[in-house]
Enquirer: 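Here it is, the structure in full.
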Amino acid sequence: MKNRLPVPLFALLQQTGELAERRRVHVYAVGGFVRDLLLGIPNRDLDLVVEGNGIRFAKAVGQRYKAHVTPHERFGTAVVTFADGHTFDVATARTESYDSPATLPTVRPSSFREDLRRRDFTINTLAIRLNAPHCGELLDLHNGRRDLKDKTIRVLHGLSFIDDPTRVFRAIRYEQRLGFQLDRNTAVLMTEAVKMGLVHRLSPSRFSAELLHVLSEREPVKTLSRLADFNLLQFIHPRLKWSPGLARLLNAVEQTIAWHAGLSLGRLTSPWIIYGMALLDSLPQSAIQETLSRLTFPRRQAQSLLWVPQEGARLLRTLNRTTKPSDTFRVLRNLSDETLVFLKAKTRSDKVKQNISAQFTTYRRVKSILTGDDLKAMGLKPGLSYHTILNRILDARLNGEVETEADERRLVRRLAKRF
């Protein structure tokens, strides 16, 4: 911990353990934070489990560090938010029971050992004791460290995927993200859960959240391909199939996103949506509408996912016919960066690729020198003509027809004669 964690985070864990000891509760760091710490992967998403009252302890931490605490009484959990914006989650040790497959569990307080038994995979059952003087002691009750060493994803019991079918998606995400392999029995249990159609029983919000996690992975193409191996794409839509065309488009999206990042154009707001566009691209419009009606994606992103298949092909045909930079600029000016990246990945036309690249790197940065105030100073009466003239100046600058302010003024005088 001392060698791999930032100094402030290590100090926070030590002091949290000292606070726990004074308050006579047992506190543990658990889950992905511990897993990634042992793998040497940076991860500041800290989850603490308290054998005692988790919310009360979270409030004590908040008071100690002047941090904001958001309790969730129903689940016995709380989020602690520090002044620098960093957060961590605190939960009361609990056990879960499922009344029926794919439903949310009934939760009740329990021991720390019982809390570990409810978790998804052995590699996520590892825990670190924080209480002084045992701070830093690793607890491994389910052979999680062995599976980390063997690079294995293994469920804790045979009903794991039946209780919670979202785990089939998490198993594949961890497998692909970490470069691990599914335990043979785990793979069999996954296959059986898929055949039983249990994923269909998930609520739209839970299924949408899992799909969003998949599309947000650092390398989602590998994850989507693996989902296809287990016939999981059918739960997005029955007509969605893995194919060489889909693989080509997804790989092209991955390469184009990397191209965008290499240009230092700023981070894409929602790169996941570009993979979503590619995933749905081969479906007919009715199937896309049906899919999006079931998913609970944010409204703006859902509209983009629906709009691109409707208009994308037409836009690409238009771009293939444009002859002037100004034409390209006008066609693309109101599109999001995510849509532009997708169109660049989708087209096979070098001309269109160059046009979209130029929109990113050149066209959108071009500005005219003259403004409306300059037009007024030149004696033009304010009105709709201002908008038309300024647009014409911008077109001329994009097309290389003007370069200096004097050029723009000469163009204005010519245009003014038409109004």
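Values below: all heavy atoms of this structure, side chains included; hydrogens, waters and symmetry mates excluded.
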Enquirer: Whether the side chain of K2 engages the backbone of F10 through a donor-acceptor N/O pair (distance < 3.5 Å, no angle test) should be reported.
Expert: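 Answer holds: no.
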
Enquirer: Hey, could you give me the CG/CG distance between D45 and D36, rounded to the nearest 0.5 Å?
Expert: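 It comes to 9.0 Å.
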
Enquirer: Could you give all pairs that pass the ring-ring contact (aromatic ring centres under 6.0 Å, His included) test and reach residues 148-185, with sequence neighbours left out?
Expert: F121-Y174, F169-F207

Enquirer: Can you check whether F88 reaches L13 side chain to side chain, under 4.5 Å on heavy atoms?
Expert: no

Enquirer: Can K344 be said to sit on top of W259's aromatic six-ring, NZ or CZ under 6.0 Å from centre and within 45° of the ring axis?
Expert: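 Yes - K344 lies over the ring of W259, closer than 6.0 Å to its centre and within 45° of its axis.
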
Enquirer: Do Q285 and L306 have side chains that approach each other closer than 4.5 Å (heavy atoms only, starting at C-beta)?
Expert: yes

Enquirer: Using a 4.5 Å cut-off on heavy atoms from C-beta on, say whether the side chain of F230 contacts that of V168.
Expert: no

Enquirer: Do K195 and T191 make a side-chain contact, defined as non-hydrogen atoms from C-beta onward lying under 4.5 Å apart?
Expert: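 With C-beta onward as the side chain, the pair touches.
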
Enquirer: Please report the shortest heavy-atom distance between S368 and I393, naming the atom on each side.
Expert: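 Where S368 meets I393 most closely, the heavy atoms are CB-CG2, 3.6 Å.
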
Enquirer: Under 3.5 Å, side-chain donor or acceptor atoms of residues 50-68 against the rest of the protein: list the pairs with distances, not counting sequence neighbours.
Expert:
residue: E51; atom: OE2; partner: F112; partner atom: N; Å: 2.8
residue: N53; atom: OD1; partner: I55; partner atom: N; Å: 3.2
residue: N53; atom: OD1; partner: R56; partner atom: N; Å: 2.8
residue: Y65; atom: OH; partner: Q15; partner atom: OE1; Å: 2.6
residue: H68; atom: NE2; partner: T70; partner atom: OG1; Å: 3.4

Enquirer: Begin with the C-alpha distance, continue with both residues' side-chain angles, and end with the deciding distance and a verdict on side-chain contact (heavy atoms from CB on, under 4.5 Å) for L343 and L316.
Expert: CA-CA 7 Å; L343 292 175; L316 292 176; 4.1 Å; yes

Enquirer: Quick check: does any side chain N or O of E338 sit under 3.5 Å from a backbone N or O of L268, one acting as donor and the other as acceptor?
Expert: no

Enquirer: Any donor and acceptor pair, going by atom type alone, linking the side chain of D407 with main-chain N or O of T404 inside 3.5 Å?
Expert: yes

Enquirer: Nearest 0.5 Å, what's the CZ-CG distance between R348 and N320?
Expert: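 Reported value, rounded in 0.5 Å steps: 14.0 Å.
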
Enquirer: Do other residues, nucleotides or ligands put more than 12 heavy atoms under 6.0 Å from K151 NZ?
Expert: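 Atom NZ in K151 is not packed in, count stays at 12 or less.
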
Enquirer: Quick check: does any side chain N or O of T291 sit under 3.5 Å from a backbone N or O of A287, one acting as donor and the other as acceptor?
Expert: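 At least one qualifying donor-acceptor pair exists.
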
Enquirer: Which atom pair, heavy atoms only, marks the closest approach of P204 to T296?
Expert: O-OG1, 3.9 Å

Enquirer: Would you list the pairs meeting salt bridge (charged side-chain N to carboxylate O under 4.0 Å, His left out) in which at least one residue belongs to residues 137-148, sequence neighbours left out?
Expert: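 Listed by first then second residue: R129-E137, D147-R154.
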
Enquirer: Hey, is the main chain of V155 close enough, under 3.5 Å, to the side chain of T186 for a donor-acceptor pair?
Expert: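 Looks like yes, one N/O pair under 3.5 Å.
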
Enquirer: If a pair satisfies salt bridge (charged side-chain N to carboxylate O under 4.0 Å, His left out) and one of its residues is in residues 76-85, list it, with sequence neighbours excluded.
Expert: none

Enquirer: Output all residues satisfying salt bridge (Lys or Arg N to Asp or Glu O under 4.0 Å) with D374, sequence neighbours left out; order by chain, then residue number.
Expert: none

Enquirer: Tell me whether H26 at atom NE2 has more than 12 heavy atoms from other residues, nucleotides or ligands lying less than 6.0 Å away.
Expert: no

Enquirer: Using only atom types and a distance under 3.5 Å, with no angle test, would you say the side chain of N251 pairs donor to acceptor with the backbone of A247?
Expert: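 Side chain of N251 to backbone of A247, a donor-acceptor pair under 3.5 Å: yes, one is there.
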
Enquirer: Side-chain donor-acceptor pair under 3.5 Å between N391 and T388, yes or no?
Expert: no

Enquirer: When you look at I153 and M190, which way does the side-chain contact (heavy atoms from CB on, under 4.5 Å) test go after all the steps?
Expert: CA-CA 12 Å; I153 306 295; M190 281 179 57; over 6 Å; no

Enquirer: Who are the salt bridge (Lys or Arg N to Asp or Glu O under 4.0 Å) partners of R22, not counting sequence neighbours?
Expert: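 Not a single residue meets the salt bridge (Lys or Arg N to Asp or Glu O under 4.0 Å) criterion with R22.
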
Enquirer: Rounded to the nearest 0.5 Å, how far does OG of S304 lie from CZ of R299?
Expert: 11.5 Å

Enquirer: With sequence neighbours excluded, what pairs up with R177 under the salt bridge (Lys or Arg N to Asp or Glu O under 4.0 Å) test?
Expert: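 For R177 the salt bridge (Lys or Arg N to Asp or Glu O under 4.0 Å) partners, ignoring immediate neighbours, are E217.
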
Enquirer: Under the rule for side chain to side chain donor-acceptor pair (under 3.5 Å), what residues qualify as partners of S270, not counting sequence neighbours?
Expert: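 Applying side chain to side chain donor-acceptor pair (under 3.5 Å) to S270 gives Q301.
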
Enquirer: Less than 4.0 Å between a side-chain N and a carboxylate O, is that true for D164 and R206?
Expert: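 Judged by the 4.0 Å cut-off on N to carboxylate O distance, R206 and D164 do form a salt bridge.
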
Enquirer: Taking atom CD of E403 and atom CD of E408, what is their separation to the nearest 0.5 Å?
Expert: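 So the CD of E403 and the CD of E408 are separated by 11.0 Å.
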
Enquirer: For D115 and Y28, run side-chain contact (heavy atoms from CB on, under 4.5 Å): C-alpha distance rounded to whole Å, both residues' side-chain angles, the deciding distance at 0.1 Å, then the answer.
Expert: CA-CA 11 Å; D115 189 278; Y28 307 84; over 6 Å; no

Enquirer: When you compare the side chain of L215 with that of L211, does any pair of heavy atoms fall below 4.5 Å?
Expert: yes

Enquirer: Got a second to check how far R392's CZ is from S385's OG, nearest 0.5 Å?
Expert: 15.0 Å

Enquirer: Between the side chains of S203 and S205, is a donor N or O closer than 3.5 angstrom to an acceptor N or O?
Expert: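 There is such a pair (donor and acceptor under 3.5 Å, judged by atom type) between the side chains of S203 and S205.
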
Enquirer: Under the rule for side chain to side chain contact (heavy atoms under 4.5 Å, CB included), what residues qualify as partners of V308, not counting sequence neighbours?
Expert: M277, T339, F342

Enquirer: Can you list every pair that meets salt bridge (charged side-chain N to carboxylate O under 4.0 Å, His left out) and has a residue in residues 235-260, with sequence neighbours left out?
Expert: none

Enquirer: Donor-acceptor pair, distance only, cut-off 3.5 Å: does the side chain of R364 make one with the backbone of F329?
Expert: no

Enquirer: What heavy-atom pair brings L246 and A278 nearest, and what distance separates the two atoms?
Expert: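 Distance-wise, the nearest heavy atoms are CD1-O, 3.4 Å.
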
Enquirer: Okay, side chain of N355, backbone of L319: is any donor-acceptor separation there less than 3.5 Å?
Expert: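 Between the backbone of L319 and the side chain of N355 there is a qualifying donor-acceptor contact (under 3.5 Å).
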
Enquirer: Which pair of non-hydrogen atoms, one from I128 and one from M1, has the smallest distance, and what is that distance?
Expert: CG2-SD, 3.7 Å

Enquirer: Using the salt bridge (Lys or Arg N to Asp or Glu O under 4.0 Å) criterion, which residues pair with D120? Sequence neighbours excluded.
Expert: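 Only R170 meet the salt bridge (Lys or Arg N to Asp or Glu O under 4.0 Å) criterion with D120.
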
Enquirer: Are the side chain of S225 and the backbone N or O of V221 linked by a donor-acceptor pair below 3.5 Å?
Expert: no

Enquirer: Between N143 and T122, is any side-chain donor less than 3.5 angstrom from a side-chain acceptor?
Expert: no

Enquirer: Is the closest side-chain heavy-atom distance between S160 and L189 below 4.5 Å?
Expert: no

Enquirer: Rounded at 0.5 Å granularity, tell me how far CD1 in I274 sits from CD1 in I257.
Expert: 4.0 Å

Enquirer: Scan for salt bridge (charged side-chain N to carboxylate O under 4.0 Å, His left out) pairs involving residues 325-335, sequence neighbours excluded, and state none if there are none.
Expert: R330-D395

Enquirer: Looking only at heavy atoms, which two atoms of L370 and L390 are closest? And how far apart?
Expert: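 So the minimum-distance heavy-atom pair works out to O-CD2, 3.7 Å.
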
Enquirer: Could you check whether any side-chain heavy atom of T77 comes within less than 4.5 Å of a side-chain heavy atom of D89, counting everything from C-beta outward?
Expert: no

Enquirer: Please report the closest heavy-atom contact between V30 and A127, naming both atoms and the distance.
Expert: CG1-CB, 3.8 Å

Enquirer: Show, in sequence, the C-alpha distance, side-chain angles and deciding distance for T125 and L141, and conclude whether the side-chain contact (heavy atoms from CB on, under 4.5 Å) test is met.
Expert: CA-CA 7 Å; T125 63; L141 304 183; over 6 Å; no

Enquirer: I172 versus L232: any side-chain heavy-atom pair under 4.5 Å?
Expert: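 Yes. Closest side-chain heavy atoms under 4.5 Å.
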
Enquirer: Donor-acceptor pair, Q234 side chain versus N231 backbone, under 3.5 Å?
Expert: yes

